[in-house]
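Shown next, in structure tokens, is the structure this report addresses.
What's counted below: heavy atoms across the whole structure, side chains too, no hydrogens, waters or symmetry copies.
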Amino acid sequence: MPHLTQPAAPAGARTIRERIEERERAALCPQATLACNSRGRAVPEREHDYRTAFQRDRDRILHTKAFRRLKQKTQVFIAPKGDHYRTRLTHTLEVAQIARTAARALFLNEDLTEAIAIGHDLGHTPFGHAGEAVLSEVYAEGFRHYEQSLRVVDKLETRRSGHGLNLTHEVREGILNHSIGKNVLLGRPSTATTTPEAVVVSVCDAIAYVNHDIDDALRCGLISLGDLPKDAIGLLGNASSQRIDKMVTALIEGSIEGRITMQEDVRQATVELRSYLYTNLYPCDAIHREITKAKKLLKELYYRLLEQPTKESGAGDPDDSIERRTVDFIAGMTDPYALQLYSRFFFPESWPA
């Protein structure tokens, strides 16, 4: 077995973590967020010997139950029969991969980028944005999946030391602000104060869903390649891999001077494809029919659980209202669990033979 020789430690560095932090200081661009300069955690913790603060955050998110449940949550297509449609988990992994590529090329902090990316959709409901719309309608305080994602890591997930993951300020802020990429794409100024790594994740979130939603819609025959805006496809390419490469290249080359943005021609083509999805694909009859069913199901579950809470739905912080705890319970459900619970509440049970 070959022997691994450790590189020489920088002067004054005592642990592997400190050596990694020294390498970040030497290698990353001036705008990058250094782990050693993190604004810290709500509850101070002793630093790890060989993992930086952002690496620890990534690992904490990766091992949560909320992250594992993403594999059975809808991205766009509810209850697809094929094995190759995206779920909320595969979307998350695609965002993380694309964002890390961009962050590496821009000499930003890859660990912070990855931590934000894998945590950004933890608060998504079953049945995609249909669930978000229902909970926003029935819950008086409203519901936004990015706020719920932050609530998941701050309160709902638990560690041996107590409730919440106690993540760093930078990762929490990136999760909360992960939707600002729309402003970058649309050329709007953003009022959110956040790290460049968070902005990269937010743009790559859009790059991922624009392309994989087109890919899934083509797979099921809802659209054909000829339906897509011809000028945008002509510039970006027919294949998903071509379009992603073009968009990521435009993000990298457009951001070299410091401000995270895309080169203008590719930005406009990306906006055109995104607008097509929101105008023609997402509201189409085939998707809308299933969304209507999912919204009805979740709304009835919400009111049933308010009237007769279960042990699970009534759990949580007793200082929270039953409405808040019910929202948390429903938001955390997978699609199959929501269907199973609805069947248990509202469908007659078969008598045993």
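- For residues 259-269, every residue pair satisfying the salt bridge (Lys or Arg N to Asp or Glu O under 4.0 Å) rule, not counting sequence neighbours, is listed here: Glu264-Arg267.
- Considering all non-hydrogen atoms of both residues, Met262 and Thr270 come closest at CE-OG1, 3.8 Å.
- Minimum interatomic distance between Glu170 and Asn37 (heavy atoms only, all atoms of both residues): OE2-O, 4.2 Å.
- When each of Val138, Thr326, Leu301 is tested with Leu306 by the rule side-chain contact (heavy atoms from CB on, under 4.5 Å), just one qualifies, namely Thr326.
- Here Glu300 pairs with Lys296 under the salt bridge (Lys or Arg N to Asp or Glu O under 4.0 Å) rule; sequence neighbours left out.
- Considering only heavy atoms from C-beta on, Leu251 stays 4.5 Å or farther from Val184 through its side chain.
- Of the N and O atoms on the side chains of Thr33 and Glu197, at least one donor lies less than 3.5 Å from an acceptor on the other residue.
- Within the structure, every pair that satisfies the salt bridge (Lys or Arg N to Asp or Glu O under 4.0 Å) test and touches residues 316-332, not counting sequence neighbours, is listed here: Arg151-Asp320, Arg151-Asp328, Lys155-Asp317, Lys155-Asp320, Arg324-Asp328.
- Shown here for Val200 and Ala103, the closest heavy-atom pair between the two residues is CG1-N, 4.4 Å.
- Rounded to the nearest 0.5 Å, atoms CZ (Phe107) and SG (Cys29) are 9.0 Å apart.
- Taking the side chain as every heavy atom from C-beta outward, Glu157 and Val152 approach each other to under 4.5 Å.
- Panel note: side chain Ser255, backbone Thr261; a donor-acceptor pair is recorded below 3.5 Å.
- Annotation: side chain of Tyr302 is not in contact with side chain of Val134 (no heavy-atom distance under 4.5 Å).
- Every residue two or more places apart in sequence or in another chain was checked for a ring pair (Phe, Tyr, Trp, His ring centres under 6.0 Å) with His288, and none qualifies.
- Among residues two or more places apart in sequence or in another chain, the salt bridge (Lys or Arg N to Asp or Glu O under 4.0 Å) test is passed with Arg25 by Glu22.
- No side-chain donor-acceptor contact under 3.5 Å links Thr74 to the backbone of Val76.
- Thr168 contributes atom OG1, which lies 10.5 Å from atom CZ of Arg39 (distance to the nearest 0.5 angstrom).
- In terms of heavy atoms, Ala96 sits closest to Ile118 at CB-CG2, 4.1 Å.
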Item to check | Test salt bridge (charged side-chain N to carboxylate O under 4.0 Å, His left out) applied to Lys295 and Glu137, step by step | outcome: CA-CA 10 Å; Lys295 289 172 73 173; Glu137 177 185 338; 5.3 Å; no

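- In this structure Arg344 satisfies the side-chain contact (heavy atoms from CB on, under 4.5 Å) test together with Thr310, Leu341, sequence neighbours excluded.
- For Asp213, the salt bridge (Lys or Arg N to Asp or Glu O under 4.0 Å) criterion is met by no residue, not counting sequence neighbours.
- For Arg56 and Asp59, the salt-bridge test fails: no basic side-chain N is under 4.0 Å from an acidic carboxylate O.
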Item to check | Residue pair Phe54, Ile116: steps toward the side-chain contact (heavy atoms from CB on, under 4.5 Å) verdict | outcome: CA-CA 9 Å; Phe54 299 148; Ile116 294 169; over 6 Å; no

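- For the atom pair Arg68 CZ and Leu62 CG, the distance stands at 9.5 Å (nearest 0.5 Å).
- With values rounded to the nearest 0.5 angstrom, Glu110 atom CD is found 9.5 Å from Leu108 atom CG.
- Proximity of Val95 to Val201: side-chain heavy atoms (C-beta onward) are separated by under 4.5 Å at one or more points.
- The shortest distance between side-chain heavy atoms of Gln55 and His48 does not fall below 4.5 Å.
- Neither Tyr146 nor Tyr139 shares a network with the other; the hydrophobic side chains, linked directly or stepwise wherever heavy atoms of I, L, V, M, F, W or Y lie under 4.5 Å apart, form separate groups for each.
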Item to check | salt bridge (charged side-chain N to carboxylate O under 4.0 Å, His left out) between Asp285 and Arg289, worked out | outcome: CA-CA 6 Å; Asp285 288 343; Arg289 279 196 305 270; 5.2 Å; no

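- Looking at Arg41, its side chain never comes within 3.5 Å of a backbone N or O of His169 through a donor-acceptor pair.
- Within the structure, side chain to side chain donor-acceptor pair (under 3.5 Å) pairs that include any residue of residues 237-248 comprise Asn211-Arg243 (at least two apart or interchain).
- Side-chain heavy atoms closer than 4.5 Å link hydrophobic residues (I, L, V, M, F, W, Y) into clusters, and following such links, possibly through other members, connects Val266 to Leu228.
- Applying the side-chain contact (heavy atoms from CB on, under 4.5 Å) criterion to Arg304, with sequence neighbours excluded, gives Gln308, Phe345, Phe346.
- Between Gln97 and Thr101, the side chains place a donor N or O and an acceptor N or O closer than 3.5 Å (distance only, hydrogens not considered).
- Note that the CD atom of Glu173 and the CG atom of Leu167 stand 13.0 Å from one another [nearest 0.5 Å].
- A heavy-atom distance below 4.5 Å is not found between the side chains of Leu298 and Tyr342.
- In this structure a side-chain-to-backbone donor-acceptor pair under 3.5 Å is present from Asp216 to Arg86.
- Listed by first then second residue, pairs satisfying salt bridge (Lys or Arg N to Asp or Glu O under 4.0 Å) with a partner in residues 111-124 read Arg58-Asp111, Arg58-Glu114, Arg88-Asp121, Arg100-Glu114, not counting sequence neighbours.
- Contacts classified as salt bridge (Lys or Arg N to Asp or Glu O under 4.0 Å) and involving residues 220-232 (residues at least two apart or in different chains) are not found.
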Next on the checklist: Using the rule given for side-chain contact (heavy atoms from CB on, under 4.5 Å), can you reason through Leu106 versus Gln31, listing the C-alpha separation, both sets of side-chain angles and the distance that settles it, and then say yes or no?
Outcome noted: CA-CA 10 Å; Leu106 292 169; Gln31 294 81 13; over 6 Å; no

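- The two residues Asn109 and Ala35 have their closest heavy-atom pair at ND2-N, 3.9 Å.
- Residues passing the side-chain contact (heavy atoms from CB on, under 4.5 Å) test with Pro229 are Ala232, Glu272, Leu273, Tyr276, sequence neighbours excluded.
- Between Glu132 and Phe143, some side-chain heavy-atom pair lies under the 4.5 Å cut-off.
- Atoms SG and CD1, from Cys204 and Ile260 in turn, are 9.5 Å apart once rounded to the nearest 0.5 Å.
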Next on the checklist: Would Leu156 and Gln148 count as a side-chain contact (heavy atoms from CB on, under 4.5 Å) here? Give the steps.
Outcome noted: CA-CA 10 Å; Leu156 302 181; Gln148 187 69 13; 3.7 Å; yes

Checklist entry - Under the side-chain contact (heavy atoms from CB on, under 4.5 Å) criterion, do Tyr209 and Arg274 qualify, and how do the steps go? => result CA-CA 9 Å; Tyr209 75 68; Arg274 182 181 179 276; 2.9 Å; yes

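- The minimum heavy-atom distance between His120 and His145, with the atom names listed, is O-CD2, 4.5 Å.
- Using a 4.5 Å heavy-atom cutoff, the side chains of Val171 and Ile61 are in contact.
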